[in-house]
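First up is the structure itself, then whatever we jot down about it.
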Amino acid sequence: MLFRSITSSVLSNYRENRIQAILNPAPTQSADDGVVTLDKMVVTILNGTNREGLGTRLASRLETFGVFVTKIDNYKKRNIDTSELLYRPEAIEAATKLAQVAGIQKLTPYPAFEADEFATIITGYDLPEPFPEQIDDTSVSP
């Protein structure tokens with residue numbers, strides 16, 4: 001019973017923190033350096049394939065690197081062969097790192113983002129899945 005209370009409390013705190021982060025996002029650039037880093041990236045993911053849940057799985061991967069995924073949705077087309085990362089031009093270094101982490105080869109500068117957003121990922125069938133660290137390597141030893 002005590003374990004269930006702790007778990008419920010931790011889950012409640014996690015949800016509250018996520019809601020606050022969405023409603024009051026952290027600044028995407030700091031005044032001191034002006035450099036956009038991977039942990040300051042605000043990203044939208046659009047699934048351009050018929051692979052159900054691909055955007056969610058990619059978001060989970062990116063969030064382990066500190067990327068803030070604000071939206072996961074389907075792209076208007078569902079037959080995209082090549083994944084693409086659209087990025088704000090001043091965020092080229094972070095976008096390059098983001099592309100490496102996501103396994104995306106095609107990067108396109110796109111200046112028309114919302115004030116706090118730095119990139120949109122459109123997933124394609126070329127996106128490797130499962131991601132290397134998501135492969136179940138929990139072998140049972142006798």
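- Remark: side-chain polar atoms of R88 are not paired, donor with acceptor, to backbone N or O of A119 under 3.5 angstrom.
- Counting only heavy atoms from C-beta outward, the side chains of I80 and T123 never approach each other to under 4.5 Å.
- Contacts of D81 classified as side-chain contact (heavy atoms from CB on, under 4.5 Å), with partners at least two apart in sequence or in another chain: Y125.
- Residue pairs meeting the salt bridge (charged side-chain N to carboxylate O under 4.0 Å, His left out) criterion with at least one member in residues 64-74, sequence neighbours excluded, do not occur.
- The only option from V69, L58, V43 that meets the side chain to side chain contact (heavy atoms under 4.5 Å, CB included) definition with E63 turns out to be V69.
- The OG1 atom of T44 sits 10.5 Å away from atom CZ of F68, with the distance rounded to the nearest 0.5 Å.
- Here the closest heavy-atom approach between residue A59 and residue I72 is recorded as CB-CD1, 3.5 Å.
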Donor-acceptor list for residues 95-109 side chains, cut-off 3.5 Å, not counting sequence neighbours:
| residue | atom | partner | partner atom | Å |
| --- | --- | --- | --- | --- |
| T96 | OG1 | I92 | O | 2.8 |
| T108 | OG1 | E84 | OE2 | 2.5 |

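- Here the closest non-hydrogen pair linking L54 and G124 is CD2-O, 4.4 Å.
- Rounding to the nearest 0.5 Å gives a distance of 11.5 Å between CG of N47 and CD1 of I121.
- Rounded to the nearest 0.5 angstrom, R57 CZ and L62 CG are separated by 13.0 Å.
- Atom OH of residue Y87 and atom CE of residue M41 lie 10.5 Å apart, to the nearest 0.5 angstrom.
- Side-chain contact, E117 with T70: no donor N or O sits under 3.5 Å from an acceptor N or O.
- Residues R78 and N50 share a closest heavy-atom pair of CB-OD1, 3.5 Å.
- By the salt bridge (charged side-chain N to carboxylate O under 4.0 Å, His left out) test, R51 is found to be paired with E129, residues two or more places apart in sequence or in another chain being considered.
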